[in-house]
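The following block contains the structure, expressed as C-alpha cells.
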Amino acid sequence: MAHDAAALAVELANMAAADHRAAVRANSDDPAEQLAWRRLTARHGDRLGEIMDEYGWPTAELVGEEAAHAAWLIAQHSDRQLDVQRRALHLMQQAVSAGSASPRELAFLCDRTLVNEGRKQVYGTQIAGVKDGSPIPWPCEEPERMNELRAEVGIEPFDEYVAKFSPA
C-alpha cells in the first residue's frame, strides 16, 4: 500500500501540474484551446473518480500535502462532471470531520459545486464577473454572513481575497 500511495501521490501531482499549465486555455477565445482544457479536466475527473473508488478521499496522511491539494484542485476543476464533484465534496466533508482534510479547500469545493448546480454559494469564493472594475461573487445564501463564514474556515475577507486578482 505504501508503494501504491507513493505512486498515487506522484500521479496526482503530475495531474495538478498539467492542470496549471493548461488552465490559461479555460477562458481562451480559441475554441480549440477551450476544448483541450475540457478534455484534460474530463480525463482528470474520470481518474479522480477511479481514485475515490479505490482509496476514498486522498488525504495528506495517504498521499502527502501536495498530492492531497492536487486531488482537491482536480475536483474543483471537474465542472462538467457534477457526479465527480459531488462525490469528492461528500468524501472531503468526511475527511474534514475526521481532521484529515482542509476546511478551507472544502469551502471552495462546496461553493464551486453549488454554483455548478445553479444554487447560491455559501462562502463567496466563486466570482461571477467584474462590475466597475470590482470582482462580483456569484449570489450567496447569506451575503451578510459571508465574511464570518469565510473566517470560520480560514479564508480571508472577500475584499482582501478579490484584491489579489485586481490590477494594481
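Start at 1 with the first residue, then count along the sequence.
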message = Using the rule given for side-chain contact (heavy atoms from CB on, under 4.5 Å), can you reason through Leu149 versus Val153, listing the C-alpha separation, both sets of side-chain angles and the distance that settles it, and then say yes or no?
response = CA-CA 7 Å; Leu149 295 168; Val153 295; over 6 Å; no
query = Which heavy atom of Met146 sits nearest a heavy atom of Tyr123, and at what distance?
reply =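 In this case the closest contact between Met146 and Tyr123 is CG-O, 3.5 Å.
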message = To the nearest 0.5 Å, what is the distance between SG on Cys110 and CE on Met92?
response =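 Going from SG on Cys110 over to CE on Met92, the span is 11.0 Å.
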task = State whether a side-chain donor-acceptor pair under 3.5 Å links Glu65 with His69.
result =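 Absent: no donor and acceptor within the cut-off.
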request  = Treating Ile, Leu, Val, Met, Phe, Trp and Tyr as nodes and any side-chain heavy-atom pair under 4.5 angstrom as an edge, say whether Ile74 and Leu89 lie in one connected cluster.
outcome  = yes
Between CD on residue Glu141 and CZ on residue Arg119, distance to nearest 0.5 Å =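 CZ of Arg119 is found 7.0 Å from CD of Glu141.
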message = If we ignore hydrogens and angles and just use 3.5 Å, is the side chain of Trp138 paired with the main-chain N or O of Val115 as donor and acceptor?
response =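 Side chain of Trp138 to backbone of Val115, a donor-acceptor pair under 3.5 Å: no, none is there.
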ask   = Which heavy atom in Thr41 sits nearest to a heavy atom in Ser78, and how many Å separate them?
value =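 Heavy-atom minimum between the residues: O-OG, 4.4 Å.
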task = Check whether Tyr55 and Leu91 end up in the same hydrophobic cluster, where Ile, Leu, Val, Met, Phe, Trp and Tyr are linked by side-chain heavy atoms less than 4.5 Å apart.
result = yes
query = Between the main-chain N or O of Gly124 and the side-chain N or O of Arg150, is there a donor-acceptor pair closer than 3.5 Å?
reply = yes
ask   = Shortest non-hydrogen contact from Pro157 to Asn147?
value =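 Answer, listing the atom of Pro157 first, then Asn147: CA-OD1, 3.3 Å.
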inquiry  = Is it the case that atom CG in Asp53 sees more than 12 heavy atoms from other parts of the structure closer than 6.0 Å?
reply    =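 More than 12 within 6.0 Å, yes.
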ask   = Is there side-chain contact between Pro137 and Phe158, with at least one heavy-atom pair below 4.5 Å?
value =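 Yes, at least one pair of side-chain atoms sits under 4.5 Å.
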message = To the closest 0.5 Å, what do you measure between CD (Gln94) and CH2 (Trp57)?
response = 12.0 Å
key: Closest approach of Ala18 to Leu40 (non-hydrogen atoms, all atoms of both residues)   =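 Result for this residue pair: O-CD2, 3.7 Å.
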request  = Compare every heavy atom of Glu33 with every heavy atom of Ser28, then report the nearest pair and how far apart it is.
outcome  =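 Closest heavy-atom pair between Ser28 and Glu33: OG-OE1, 3.0 Å.
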task = Say whether His44 and Asp19, considering side chains only, have a donor N or O and an acceptor N or O under 3.5 Å apart.
result = no
ask   = Between the main-chain N or O of Ala101 and the side-chain N or O of Thr59, is there a donor-acceptor pair closer than 3.5 Å?
value =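 Flag not set: sc Thr59 to bb Ala101 has no pair under 3.5 Å.
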Pairwise distance CD(Glu148) to CD(Glu152) - rounded to 0.5 angstrom =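 Answer rounded to 0.5 Å: 5.5 Å.
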inquiry  = With clusters defined by side-chain heavy atoms of hydrophobic residues (ILVMFWY) lying less than 4.5 Å apart, directly or transitively, does Leu114 cluster with Leu73?
reply    =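 Looking at the clustering, Leu114 is in the same group as Leu73.
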key: Arg87 side chain reached by Leu48 side chain, heavy atoms, under 4.5 Å   =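 No; the side chains remain at least 4.5 Å from each other.
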task = Inspect the surroundings of CZ in Arg145 and state if more than 12 heavy atoms from other residues, nucleotides or ligands are less than 6.0 Å away.
result =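 For Arg145, atom CZ is crowded (more than 12 foreign heavy atoms under 6.0 Å).
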task = Report yes or no: do Met52 and Leu109 belong to one cluster of Ile/Leu/Val/Met/Phe/Trp/Tyr joined by side chain heavy-atom distances under 4.5 Å?
result =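 Per the 4.5 Å side-chain linkage, Met52 and Leu109 are co-clustered.
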query = Going through the checks in order, is the side-chain contact (heavy atoms from CB on, under 4.5 Å) test met by Arg86 and Glu117?
reply = CA-CA 10 Å; Arg86 287 180 182 128; Glu117 292 173 340; 2.6 Å; yes
query = Any idea which heavy atoms bring Gln85 and Arg112 closest together, and the distance?
reply = NE2-CG, 3.6 Å
query = Going from CZ on Arg104 to CG on Leu106, what distance comes out if it is rounded to the nearest 0.5 angstrom?
reply =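 That separation rounds to 12.5 Å.
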message = Using modelled atom types and a 3.5 Å cut-off, is there a donor and acceptor pairing between side-chain atoms of Gln126 and backbone atoms of Gln121?
response =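 Pair absent, no side-chain N/O of Gln126 close to backbone of Gln121.
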request  = Supply the atom-to-atom distance Ile51 CD1 to Leu62 CG, rounded to the nearest 0.5 angstrom.
outcome  =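 Here the interatomic distance stands at 10.0 Å.
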Glu66 atom CD: more than 12 heavy-atom contacts under 6.0 Å = no
